[in-house]
Number of protein chains: 2
Amino acid sequence: MDTKTLCLAVLSRGPASGYEIKKTLEQPPYCLFQDTGFGSIYPALQRLNEDGAVATTDCTPTRRPAKRIHALTDEGRSRLLEALSQAPSPDRLRSDFLFTLLHGDLLPPDLVLEMIDARIAELEAKLSQVEACEPRADSPCAVFLHGLGRTHYGGCLDYLRRNRSKLARDLNAASAPSSKRAAE
Amino acid sequence: MDTKTLCLAVLSRGPASGYEIKKTLEQPPYCLFQDTGFGSIYPALQRLNEDGAVATTDCTPTRRPAKRIHALTDEGRSRLLEALSQAPSPDRLRSDFLFTLLHGDLLPPDLVLEMIDARIAELEAKLSQVEACEPRADSPCAVFLHGLGRTHYGGCLDYLRRNRSKLARDLNAASAPSSKRAAE
DNA sequence: GCTTACATGTAATAGGTTACATGATTCT
DNA sequence: AGAATCATGTAACCTATTACATGTAAGC
């Protein structure tokens with residue numbers, strides 16, 4: 001999904017400014033599977049306006065960078081529908097954490113364990129963030145997605161918590177086969 | 001992680017050509033959280049060679065595009081270690097599927113359900129792919145990651161399978177509040 | 001008074017993806 | 001003989017990130 005479609009999707013919930021779109025995208029559920037900066041949003045909104053997909057009106061002309069509210073047009077709505085109807089392109093995950101973990105054998109055991117602890121803390125934060133934003137009950141899809149998010153984060157968290165100590169043992173056994181110093 | 005680090009990591013398992021690196025990256029476990037094309041790999045290897053991080057030797061000089069084997073140098077190894085020791089930057093997931101699902105209320109229920117079925121099939125394929133590649137028992141980190149992958153895919157799959165029918169019901173109830181045609 | 005949040009936009013850069021270009025070898 | 005796989009590389013393009021540039025309003 002390109003930034004234009006992203007903007008259209010957010011605008012389908014109601015008119016908004018570029019700044020507000022960015023804020024919406026920063027919060028769950030969007031922040032869980034998308035990320036975009038101002039540098040992508042503003043140009044996208046301009047092109048969308050040129051193409052007639054959104055109607056832009058200056059809301060606060062007195063203010064210097066006037067707040068520009070963008071509203072979906074019929075053209076924009078049908079474009080969004082079309083984009084959404086396409087077969088979704090495969091997920092793209094870039095995870096430095098997972099990548100590092102895969103090569104954890106090259107690193108000092110303590111460092112690996114620290115990274116896992118940090119990840120556990122992050123997942124806890126994300127999970128409570130997800131749980132905090134209750135989906136609207138009138139949207140079956142939002143409810144479904146909410147549950148999926150909870151399952152995903154909860155499952156990973158659970159795994160990390162339950163297998164951390166085993167990894168710690170195995171790692172220390174591998175790094176000290178004979179008998180180095182035991183504790184630090 | 002940029003492509004250069006990716007190449008160094010693959011080369012830490014042993015010398016390889018650019019083509020072989022690409023193949024390795026296409027398979028689990030790498031393919032689960034990374035993706036890179038030839039257009040990124042070959043330039044990266046050239047720069048790595050210029051920087052002295054890898055030693056490149058033409059393996060089959062008779063063949064026209066000679067097979068070029070790249071081997072990690074000490075410089076390359078310490079560079080890899082350094083990159084791996086950094087605090088991992090946050091995961092970046094771009095999921096058209098999740099994005100579409102979030103806006104599923106705008107789409108015909110049947111289309112949403114079809115997408116979920118397709119996703120279930122994809123996840124089944126990925127899970128069996130992950131389960132097929134048994135990690136080396138001597139690498140605690142690889143074993144840990146393998147378990148994490150299984151937990152992740154298994155958990156998502158389980159959720160989708162168990163909640164699909166509920167979503168179908170809710171979606172049809174929402175789209176036909178009174179009494180449209182029942183079946184198609 | 002200072003800092004944070006609001007608010008928009010441009011320009012430079014870096015990076016990756018796609019398409020192109022070429023050719024050998026192996027399998028069917 | 002033809003297709004698929006092996007094998008490397010360049011160039012164009014597209015996109016996103018980053019830094020820059022500017023200014024207001026609200027809260028501390």
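Throughout, protein chains are lettered first and strands after them, A, B, ... in sequence-line order, and every chain is numbered starting at 1. Predicted model only: the values in this text are computed from it and were never measured. These values consider heavy atoms only, across backbone and side chains, with no hydrogens, waters or symmetry-generated copies.
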(request) Output yes when at least one side-chain N/O atom of A/Q46 is less than 4.0 Å from OP1 or OP2 of C/dT10, else no. (result) yes

So which protein nitrogen or oxygen atoms get under 3.5 Å of nucleotides 4-7 of chain D's nitrogens or oxygens?
from, atom 1, to, atom 2, distance (Å)
D/dC6, OP2, B/Y19, OH, 2.9
D/dA7, OP1, B/K67, NZ, 3.3

(request) Give a yes or no on whether A/R77 atom CZ has more than 12 heavy-atom contacts from other residues, nucleotides or ligands under 6.0 Å away. (result) no

(message) Other residues, nucleotides and ligands only: do more than 12 of their heavy atoms fall within 6.0 Å of CG on A/D74?
(response) no

(message) Regarding B/R79 and B/E82, does a basic nitrogen lie under 4.0 Å from an acidic carboxylate oxygen?
(response) no

(request) Output yes when B/E20 and B/K23 qualify as a salt bridge under the 4.0 Å nitrogen-oxygen rule, no when they do not. (result) no

Measure [atom1]/[X] against [atom2]/[N] and give the value in whole Å, please.
X     : N      : atom1 : atom2 : result
A/L45 : C/dT10 : CG    : C1'   : 15 Å
A/L48 : C/dG9  : CG    : P     : 13 Å
A/I21 : C/dA7  : CD1   : C1'   : 13 Å

(request) Kindly say whether B/K67 contributes a backbone atom to a donor-acceptor pair with the side chain of B/S17 at under 3.5 angstrom? (result) no

(message) Which Ile, Leu, Val, Met, Phe, Trp or Tyr residues join A/V143 in one cluster when any pair of side-chain heavy atoms under 4.5 Å counts as a link?
(response) none

(request) Assign a letter to each nucleotide of nucleotides 14-19 of chain C from its 5' end: B, base within under 4.0 Å of a protein heavy atom; S, sugar-phosphate only; -, no contact. (result) --SBB-

(request) Would you check if the distance from the ring center of A/Y30 to the ring center of B/H103 is below 6.0 Å? (result) yes

(message) Walk me through whether B/F33 and B/D91 qualify under side chain to side chain contact (heavy atoms under 4.5 Å, CB included).
(response) CA-CA 9 Å; B/F33 45 84; B/D91 287 9; over 6 Å; no

